[in-house]
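Below is one structure, written out as structure tokens; the observations come after it.
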Amino acid sequence: MRFRLEASPLDLGQTLGCGQTFRWSQLPDGRWGGVIGVRTIELKSDGDSLLVRAAPGGTDARDAVIEYLRLRDDMTTIQSALGSDRRLARGLTRVRGLRLVKMDEWESLISFVLATYANIPRISKMIAAIASEFGRGIADGVYSFPGPEELRDARPDELRACGLGYRAEYVRSIAREVDMAAIGRLKRLGYEDLREELKELDGVGDKVADCVSLFGFGRLEAFPIDVWIERALRRLYGLEGSYARLRRDATGLFGEYAGYAQEYLYLNERSLAADGSCMFS
DNA sequence: GCCCAGGAGTGTG
DNA sequence: CACACTCATGGG
């Protein structure tokens, strides 16, 4: 089916290509193709609206896209709140269309465990590999992200064959520890309790717990700190120290929308390294 | 070939 | 709580 959504501001490239989610790619004709749940989706921006082509699936495709791209977030409120920070205010217009995504909780958990100590192309490759190995075929050459029950019986050597390396043991451990009922319980926790619970899992530390809280459970106050964010905080704010300290400082600076600030800073620091272009300085 | 990546686990001071 | 060390591997 095809339909149109009001979606402004929205920059699909910044949103889907900046490493918060790993199953989207830009097609030769410029559209973005990916998977939400058990259906393939194609997206194309057209002025203030978003053109969607969605394969049949269980739930309502409109709701799925609206939730995934967080199209109900009031970007005016969020950006005006973050604009009270001088550094962010300076470049906010250039990331106006960057949205956080709201991934499936389980998928985000496994994805960011795989993301440890790997670069984005490799992460995408690992995820594509476990999907084709353990997921269900949903289109030509496209597979659903395998659920806990589909990964529970995966052998370590099968997982390693997907290029996971030492992460294979983490995935195996988590798949045996977590089921959809557990995910349901985690959904009801507040952010601080959620991240502590997530950190109990094998292969989940501070950073992964914050990524999963933000991109999977939609806790907008979460502020994941990787090497890029560390650089940004030092370069722009002169902040240094442990994860715990930086996290406290960032929460103080950015408050309830720290997750959006984090993604803006991340994109900025990456593009600064890539081609010298800079939005915040 | 070299460097680095959306880090975590473990052990120690 | 903060730091040092180890792990392990493919992409640019």
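Numbered from 1 within each chain, the chains take letters A, B, ... in sequence-line order.
Whole-Å rounding puts the Glu269(A) CD to dA5(B) C1' distance at 15 Å. Ile123(A) has its CD1 atom 15 Å from the C1' atom of dA8(B), to the nearest Å. Rounded to whole Å, atom P of dG9(B) lies 13 Å from atom CD of Glu169(A). Rounded to whole angstrom, the span from the CG atom of Asp206(A) across to the C1' atom of dG7(B) amounts to 10 Å. If you measure from atom CG of Leu246(A) to atom C1' of dG7(B), you get 15 Å, rounded to the nearest angstrom. Here dG7(B) presents its P atom at 10 Å from CD of Glu230(A), a figure rounded to the nearest Å.
Mapped onto DNA chain B by nearest heavy atom, Cys18(A) and Lys199(A) fall at different nucleotides, with Cys18(A) at the one closer to the 5' end. For the pair Thr21(A) and Leu201(A), both in contact range of DNA chain B, the more 5′-proximal nearest nucleotide belongs to Thr21(A).
Looking only at side-chain heavy atoms (C-beta outward), Ile229(A) and Pro224(A) stay at 4.5 Å or farther from each other.
Among all heavy-atom pairs drawn from Thr15(A) and Gly97(A), the shortest one is OG1-O, 3.3 Å.
The phosphate of dA5(B) (OP1 or OP2) has a side-chain N or O of Arg231(A) nearer than 4.0 angstrom.
Between the CD1 atom of Ile41(A) and the CD1 atom of Ile36(A) there is a distance of 4.5 Å, given to the nearest 0.5 Å.
Ion pairing between a basic and an acidic side chain is recognised when a charged N comes within 4.0 Å of a carboxylate O; Asp73(A) and Arg70(A) show such pairing.
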For this session: Encode nucleotides 2-12 of chain C as B, S and - characters from 5' to 3', where the letter depends on protein heavy atoms closer than 4.0 Å: B to the base, S only to sugar-phosphate, - to neither.
Result: S-----BBSSS
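Within the nucleic acid shown, Ile120(A) comes within 4.0 Å of sugar-phosphate atoms alone, with no base atom in reach, counting heavy atoms only. Within the nucleic acid shown, Leu267(A) has no heavy atom closer than 4.0 Å to any nucleic acid atom. Contact annotation for Tyr266(A): base contact, defined as any heavy-atom pair under 4.0 Å involving a base atom. Residue Val113(A) is out of contact with every strand shown, counting any heavy-atom pair closer than 4.0 Å. Residue contacts shown for Glu263(A) include a base, since a base heavy atom lies under 4.0 Å away.
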For this session: Walk me through it: do Thr21(A) and Tyr68(A) pass the test side chain to side chain donor-acceptor pair (under 3.5 Å)?
Result: CA-CA 11 Å; Thr21(A) 179; Tyr68(A) 192 94; 2.8 Å; yes
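For Arg245(A), the CZ atom counts as loosely surrounded, since its 6.0 Å shell holds 12 or fewer non-hydrogen atoms of other residues, nucleotides or ligands. Counting non-hydrogen atoms of other residues, nucleotides and ligands closer than 6.0 Å to NZ of Lys187(A) gives a total of 12 or fewer.
Closest to the side chain of Thr116(A), out of dG7(B), dG9(B), dA5(B), is dG7(B).
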